[in-house]
Amino acid sequence: MLVQRPRGTSDILPATIGAWRQIEDVVRRTFAEYHYAEIRTPMFEHTELFARGVGETTDIVEKEMYTFEDRGGRSLTLRPEGTAGVIRAYVENKLYGQPGIAKLFYLGPMFRYEKPQKGRERQFHQYGCEVLGSDSPALDAEVVALHVYQLQEVGVQGATAVLNSVGCPVCRPRHREQMLARLLPVKDQLCSDCQNRLERNPLRIFDCKNERCQRLLVEAGAPTILESLCADCEAHFAAVRRYLEALGVPYRTDAHLVRGLDYYTRTAWEIKVEGFGTLGGGGRYNALVRELGGPETPGVGFGTGMERILLVLAEQGGTSPAVRRDLDVYVAVADEQADVYAMQVLKTLREAGVRADRDYQGRSVKAQFKAADREGARLAVVVGSSEQAEQQVTVKDLVSGEQSTIPLSELVAAVQKLEEASV
RNA sequence: GUGAGUAUGGCGAAGUGGUUAACGCACCGGAUUGUGGUUCCGGCAUUCGUGGGUUCGAUUCCCACUACUCACCCCA
């Protein structure tokens, strides 16, 4: 092996492409049902976009970006997530000038420089959406509902939304103050990560896996963000939950949920499957558009990992996509003299919309029939010098075993008739 | 970034410091004439991730590298 694929990348081979297509089809269909329009933005952007958009203190920006300098000396970065680019495009193309709100979705590869492991690659795929232009809690609910619905439609069982509110520029600083007041006195007892978090983003301490840190939070009486919400945020969160209940969306709240991106305000959620982990996450980001230079515009969105979906589907079993028959006719060439004739027969079939193939290795008729079987062809067409002389073909139904010789001019009709009968 | 494990033909998988590296699947060929899915017979790794070292000799021992897997961190 001279050169192999870069670490953390994978080749999606024909054998599994069906599963991908199936997910993509469901995603496009459901986004259409909810009236979202597709948007495609560049795979790389100026590094600054992610630094500002995603947040300077996030793991993504601090240590996971694929950043490089192009020949013009610009610092570019392979997109680590979808939101920043979409918002940039929204602002740059002045989509806010169009009537109504913008409901956008995307689908494609993302890149993060991390150590690969199960369900984590350096190039992975996400689909997601962004809704710009409304702060209505109905929209938060719609987006969460859609998030769960899509996974159900794809075949994932037990997808649940875990919901929290991370507050707004009014309650967030207030909460931060309270956290500092309670935890600064016991700072030295926190783990080193959390000592850092205390300064930069105290909310994240709730997310720490360290038991001692969690105990300290309780002992110090540190309030969760949910307990510190301002009246507006609380009302918003309550409304979102009412909608979700009315819609029957499976969800639960978790005051400790913190997302890895800094731009979230108010509603934040992850979609989890018991015993598996997180498939996707999302939230509201009311300040992001303005931070990226656009007009004050509220937004909500989510992203979902497609590799993760594939993993859950595999674990939950049974969803192996049916082996699709992708060949209708196999043309067996009986002797070399008929080779050109065989090509003509194939062209005739293919141009009539029949999926047809032949042997190119000069194998025996017996071997060609074996191949026809293996490829899943419905019928075999045998052509040899005798057929060619009469402009005929020998057609064999590989299911019934029936065989007959007919004029070439009748072949397409005969094939189509059989196709219809087998539907 | 930290820690652990693995690396033998297309796939799965034995194995040993020393003449021909099991086996299964897949694949290819054959079992009389231009015909399939079963069965039978035969074929299919100058080579054991890469590069060094120890040795009379290494796929088996040692070192480095690379890749993969898993866990942690974090997340999709």
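Lettering follows sequence order; numbering is per chain, from 1. Because only heavy atoms are used, hydrogens play no part in the values below, and waters and symmetry mates are left out as well, while side chains stay in.
Side-chain atoms of A:R374 stay outside donor-acceptor range of the base of B:C27, with no qualifying N/O pair under 3.5 Å. A donor-acceptor contact under 3.5 Å links the side chain of A:K396 to the base of B:G36. Between the base of B:C72 and the side chain of A:Q117 there is a donor-acceptor pair shorter than 3.5 Å. Side-chain atoms of A:Q368 and base atoms of B:U35 include no donor and acceptor less than 3.5 Å apart. With hydrogens and angles left out, the side chain of A:S364 and the base of B:G34 share no donor-acceptor pair within 3.5 Å. Between the side chain of A:K118 and the base of B:U69 there is no donor-acceptor pair of N/O atoms closer than 3.5 Å.
Taking the ring centroids of A:F105 and A:Y36, they lie at or beyond the 6.0 Å cut-off.
Here A:E114 lies in heavy-atom contact (under 4.0 Å) with a base. If you check every strand for non-hydrogen atoms under 4.0 Å, A:R112 touches a base.
Counting heavy atoms from C-beta on, the side chains of A:Q388 and A:V383 never come closer than 4.5 Å.
Atom-to-atom, CZ of A:R122 to C1' of B:C68 comes out at 13 Å; the value is rounded to the nearest Å.
A:T30 and A:Q150 form a side-chain donor-acceptor contact under 3.5 Å, judged by distance and modelled atom types alone.
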